[in-house]
Q: 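Once you've had a glance at the structure underneath, I'll fire off some questions.
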Amino acid sequence: MQDLLLSFQQLLNPEELLSSGGFYLVLLIVFAETGLFFGFFLPGDYLLFLAGLFCALNKIEIDIVTLCAGLIVAGVLGNFAGYWFGYRAGSHAL
């Protein structure tokens with residue numbers, strides 16, 4: 001149980017996320033925050049700030065243009081996924 005709690009705390013720590021998961025984990029979190037129902041508890045604004053800072057300090061091997069383009073694509077795709085889910089589930093809930 002202690003290992004599960006430790007891994008959940010690491011999921012909410014943006015510095016740990018960026019140093020271990022990097023670019024793809026940031027994209028996954030942005031996708032989940034914008035489109036999935038359970039993404040509201042993930043670190044968002046602080047994570048984006050740290051991702052830009054880590055790009056500037058060369059702590060992650062990605063340039064800022066690729067990071068911004070990936071974040072835009074992840075946000076738009078997450079929005080489409082959330083809309084699709086609401087469209088498919090919305091009419092059946094009434």
Q: Would a single hydrophobic cluster contain both Phe80 and Leu28, if residues Ile, Leu, Val, Met, Phe, Trp and Tyr are joined by side-chain heavy-atom contacts under 4.5 Å?
A: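 No; tracing contacts between hydrophobic side chains, which count when under 4.5 Å, never links both residues.
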Q: Ile62 and Leu67: which non-hydrogen atoms are nearest, and at how many Å?
A: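 Closest approach of Ile62 to Leu67: CG1-N, 4.4 Å.
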Q: Hey, what do you get for CG (Leu53) to CG (Leu48), rounding to the nearest 0.5 Å?
A: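 One gets 12.5 Å once the value is rounded to the nearest 0.5 Å.
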Q: Would you say Leu50 and Ile72 are hydrophobically clustered, going by side-chain heavy atoms of ILVMFWY under 4.5 Å?
A: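 Different clusters: Leu50 never reaches Ile72 through Ile, Leu, Val, Met, Phe, Trp or Tyr contacts under 4.5 Å.
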Q: I want to check something: taking the side chain as every heavy atom from C-beta on, are Val73 and Val76 in contact at a cut-off of under 4.5 Å?
A: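 Not touching, per the 4.5 Å side-chain cut-off.
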Q: Quick one: closest heavy-atom pair of Leu27 and Ala74, and the distance?
A: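 Nearest heavy atoms, Leu27 then Ala74: O-CB, 3.6 Å.
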Q: Which heavy-atom pair separates Ala81 from Phe31 by the least distance, and what is that distance?
A: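 Minimum heavy-atom separation between Ala81 and Phe31: CB-CZ, 3.7 Å.
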Q: If you round to the nearest 0.5 Å, how far is CG of Asp63 from CG of Asn58?
A: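 With rounding to 0.5 Å, CG (Asn58) is 10.0 Å from CG (Asp63).
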